[in-house]
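Notes follow once the structure below has been shown.
For the single chain, residues carry numbers from 1 onward in sequence order.
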Amino acid sequence: MGRDKFFIDLPRPKMPSQLPKHISVRDVKKLFDAVSNPKHSLMLKLCYGMGLRVSEIVNLKVTDIDSGNMQVLLEQAKGKKDRYVNLPESILDELRSYYKEYKPKKYLFEGQNGGQYSIRSVQNVFKTAMNKAKINKDVGIHGLRHSFAAHLLENGTDISYIQSLLGHSNIKTTLRYTKAVQKNVKHVKSPLDYL
């Protein structure tokens, strides 16, 4: 506008600090028990068992799974970064049965007419399972990823391993889970309980 540059020190508004929403181990089991469709069951178990984003689950290719090394390659995940995650041993038989029954060609999870399974469909699978399991929590499918991290932390897994498995560039992103879990704080009794 033809004027000299000027800077005003405006106070920035505080961003809301929300903790990652996760569900308990008991609720995760209830969720899995409520799903009878083998494809849907495997989808949700892999989301939780490997801490995947919904976009990562629909982009999984059959060739990404290395059962010999018990690893899964996530190609071009968030931030266009490749990373490896551990394939849970408990899922191997279910994965093989699923492969024999559904015979996926390119993507591990394909729609009814072939091709990639949609993100919306996976979200609906999760929502339906939550309703069937009668888990009344305001959590989306991303909550399985949060639960994966929270439960690893509760079991004493080093935060740097969790950072690597989740694909976080910055440790600060992973450290949010320490506030959500607070394992040791749960055991502190209120003074009211001693009266």
Nearest heavy-atom approach of A34 to A129 is CB-O, 3.9 Å

Going hydrophobic residue to hydrophobic residue with side-chain gaps under 4.5 angstrom, can you get from Y84 over to Y48?
-> no

Least distance between heavy atoms, P38 atom then Y102 atom | CD-OH, 3.8 Å

With side chain to side chain contact (heavy atoms under 4.5 Å, CB included) as the test, would you mind laying out the steps for V54 and C47 before giving the verdict?
-> CA-CA 7 Å; V54 70; C47 266; 5.6 Å; no

Any chance you could measure L46, atom CG, to L52, atom CG, to the nearest 0.5 Å?
-> 7.0 Å

Does a sphere of radius 6.0 Å around CG in N170 hold more than 12 heavy atoms from other residues, nucleotides or ligands, not counting ones at 6.0 Å or beyond?
-> yes

Identify the two heavy atoms, one from D64 and one from E75, that lie closest to each other, and give their separation to 0.1 Å.
-> OD1-OE1, 3.4 Å

Which atoms form the tightest heavy-atom contact between Q163 and S169, and what is the distance?
-> NE2-O, 3.4 Å

Whether S118 side chain and S121 backbone form a donor-acceptor pair below 3.5 Å | yes

With the 4.5 Å side-chain cut-off for hydrophobic clustering, are F148 and I171 part of the same group?
-> yes

Quick one: NZ on K30 to CD1 on I23, what's the gap to the nearest 0.5 Å?
-> 9.5 Å

With salt bridge (charged side-chain N to carboxylate O under 4.0 Å, His left out) as the test, would you mind laying out the steps for R83 and E56 before giving the verdict?
-> CA-CA 11 Å; R83 78 177 193 276; E56 293 168 345; 2.8 Å; yes

Please lay out, stage by stage, how L92 and E89 fare under the test side chain to side chain contact (heavy atoms under 4.5 Å, CB included).
-> CA-CA 6 Å; L92 206 52; E89 288 179 32; 5.9 Å; no

In short, F109 meets I57 closest at the heavy-atom pair CD1-O, 3.8 Å

Residues Q116 and N59: side-chain donor-acceptor under 3.5 angstrom | yes

Can you check whether T128 reaches N131 side chain to side chain, under 4.5 Å on heavy atoms?
-> no

Quick one: does S41's side chain have a donor or acceptor within less than 3.5 Å of a partner on N37's backbone?
-> no

What's the shortest heavy-atom distance between V122 and Y117, and which atoms?
-> CG2-CD2, 3.5 Å

Mind checking whether M50 and M70 sit in one hydrophobic cluster, side chains of I, L, V, M, F, W, Y counted as touching below 4.5 Å?
-> yes

The reported gap from OH in Y107 to OG1 in T63 (rounded to nearest 0.5 angstrom) is 10.0 Å

F32 and K45: side chain to side chain contact (heavy atoms under 4.5 Å, CB included), yes or no, with the steps?
-> CA-CA 7 Å; F32 294 156; K45 285 178 180 175; 3.9 Å; yes

NZ of K106 to CG of L60: how many Å apart, nearest 0.5 Å?
-> 13.0 Å

So, K100 side chain and S97 main chain: donor-acceptor pair closer than 3.5 Å or not?
-> no

Are L87 and L95 close enough that some pair of their side-chain heavy atoms sits under 4.5 Å apart?
-> yes

By side chain to side chain contact (heavy atoms under 4.5 Å, CB included), which residues pair with N86, not counting sequence neighbours?
-> Q71, L165

Taking only residues two or more places apart in sequence, or in another chain, which ones meet K127 in a salt bridge (charged side-chain N to carboxylate O under 4.0 Å, His left out)?
-> none

Salt-bridge present (E110, K105; N to O < 4.0 Å) | no

Any side-chain donor-acceptor pair under 3.5 Å between N155 and T157?
-> no

Could you tell me whether K39 and E101 make a salt bridge, using a distance below 4.0 angstrom between a side-chain N and a carboxylate O?
-> no

Relative to the ring of H151, is the ring of H22 parallel (under 30°), tilted (30 to 60°) or perpendicular (over 60°)?
-> perpendicular

Got a second to check how far M130's CE is from L44's CG, nearest 0.5 Å?
-> 10.5 Å

Taking a hydrophobic cluster as the set of Ile, Leu, Val, Met, Phe, Trp and Tyr residues connected by side-chain heavy atoms closer than 4.5 Å, whether directly or through intermediates, do V85 and L73 fall within one such cluster?
-> no

Going from CG on N124 to CD1 on I119, what distance comes out if it is rounded to the nearest 0.5 angstrom?
-> 12.0 Å

Given L108 and K61, is the side chain to side chain contact (heavy atoms under 4.5 Å, CB included) satisfied, shown in steps?
-> CA-CA 5 Å; L108 184 62; K61 296 183 190 79; over 6 Å; no

